[in-house]
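Please read the structure below before turning to the comments.
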Amino acid sequence: MTRAGRLALLLGMVLAGPAGAAADIVDGSYGDAEGCRYAETGESSGADFFFLLNKDGVTTAASYCAFKGEGNRVGGATKVAAECHEEGYEETTPYELTLTPDGGGYTVSFPDGTRWGPLMRCKT
């Protein structure tokens with residue numbers, strides 16, 4: 001990730017504000033190896049792909065989705081509103097994400113069928 005990309009990502013995190021109800025749903029950091037490294041250090045390794053889920057939202061190498069409002073439990077999953085920002089774009093896009101427990105981690109699903117995960121708990 002470029003320096004400008006990291007700056008935009010961090011700015012998005014700061015502007016996102018409080019996490020809403022997702023803070024009580026996601027009880028730590030979950031991700032792939034690169035996402036967990038990012039959670040621990042705050043620095044990207046430069047990997048083209050990484051995923052990190054925490055109480056604030058979902059971070060990838062090229063986007064950030066900040067949780068907004070209250071999460072709603074539906075069966076074993078939780079639906080939560082999010083505003084997503086892609087690197088290189090100023091506007092945000094609202095989504096309703098679904099967080100589904102999956103083998104000790106979570107899978108994040110978008111309304112269009114896109115799925116990220118399972119993202120496993122990061123070892124700290």
Side-chain angles (χ1 to χ4, degrees):
M1 178 180 281
T2 66
R3 182 171 188 231
R6 285 192 300 271
L7 181 59
L9 179 65
L10 292 173
L11 181 59
M13 293 170 133
V14 169
L15 294 177
D24 65 348
I25 298 164
V26 180
D27 60 348
S29 296
Y30 295 79
D32 60 8
E34 292 295 327
C36 289
R37 178 186 184 281
Y38 182 78
E40 184 178 328
T41 67
E43 294 287 325
S44 171
S45 68
D48 289 336
F49 299 100
F50 73 82
F51 298 94
L52 173 64
L53 168 67
N54 63 23
K55 66 183 176 75
D56 299 320
V58 184
T59 305
T60 75
S63 62
Y64 177 69
C65 295
F67 295 138
K68 301 290 183 184
E70 297 292 319
N72 297 313
R73 297 222 182 244
V74 178
T78 301
K79 293 186 178 276
V80 62
E83 289 187 6
C84 299
H85 175 267
E86 291 186 49
E87 183 177 359
Y89 295 93
E90 290 186 27
E91 40 305 311
T92 60
T93 304
Y95 287 104
E96 182 178 61
L97 303 181
T98 302
L99 307 178
T100 307
D102 190 350
Y106 288 96
T107 294
V108 179
S109 302
F110 287 79
D112 68 0
T114 300
R115 294 172 42 134
W116 295 341
L119 305 175
M120 304 311 290
R121 181 183 288 276
C122 297
K123 295 172 175 63
T124 53

Exercise for review: Provide the closest heavy-atom pair for Thr107 versus Gly117 in the form atom of the first, atom of the second, distance.
Suggested key: OG1-C, 4.0 Å
Check your understanding: Asp32 side chain to Gly35 main-chain N or O, any donor-acceptor pair under 3.5 Å?
Key -> yes
Check your understanding: Rounded to the nearest 0.5 Å, what separation is found between the OG atom of Ser109 and the CZ atom of Arg115?
Key -> 5.0 Å
Check your understanding: Looking only at heavy atoms, what is the nearest atom pair of Glu96 and Lys79, with distance?
Key -> OE1-CD, 3.6 Å
Review point. Could you walk me through whether Thr114 and Asp112 pass the side chain to side chain donor-acceptor pair (under 3.5 Å) check?
Key: CA-CA 6 Å; Thr114 300; Asp112 68 0; 2.7 Å; yes
**Study point:** Ring geometry between Trp116 and Phe51 (parallel below 30°, tilted from 30 to 60°, perpendicular above 60°)
**Key:** tilted
Practice item. Locate the shortest heavy-atom distance separating Tyr30 from Gly104; write the atom from each residue and the value. Key: CE2-O, 3.8 Å
Review point. Taking side chain as C-beta onward, heavy atoms only, is Leu97 less than 4.5 Å from Phe67?
Key: yes
Check your understanding: Can you name the closest pair of heavy atoms from Cys65 and Ala82 and give their distance?
Key -> CB-CB, 4.2 Å
Point to revise | Shortest non-hydrogen contact from Ala77 toward Pro101 | key: CA-CD, 4.3 Å
Check your understanding: Which atom pair, heavy atoms only, marks the closest approach of Glu90 to His85?
Key -> O-CD2, 3.8 Å
Practice item. Enter the distance from Cys122:SG to Leu52:CG here, rounded to the nearest 0.5 Å. Key: 6.0 Å
Check your understanding: Mind checking whether Asn72 and Thr78 have side chains closer than 4.5 Å, heavy atoms only?
Key -> no
Check your understanding: Going from OH on Tyr64 to OG1 on Thr92, what distance comes out if it is rounded to the nearest 0.5 angstrom?
Key -> 12.0 Å
Point to revise | Val58-Met120 co-clustered via ILVMFWY side chain contacts under 4.5 Å | key: no
Revision key, fill the gap. Separation between OG (Ser29) and CG (Asp56), nearest 0.5 Å, reads 9.0 Å
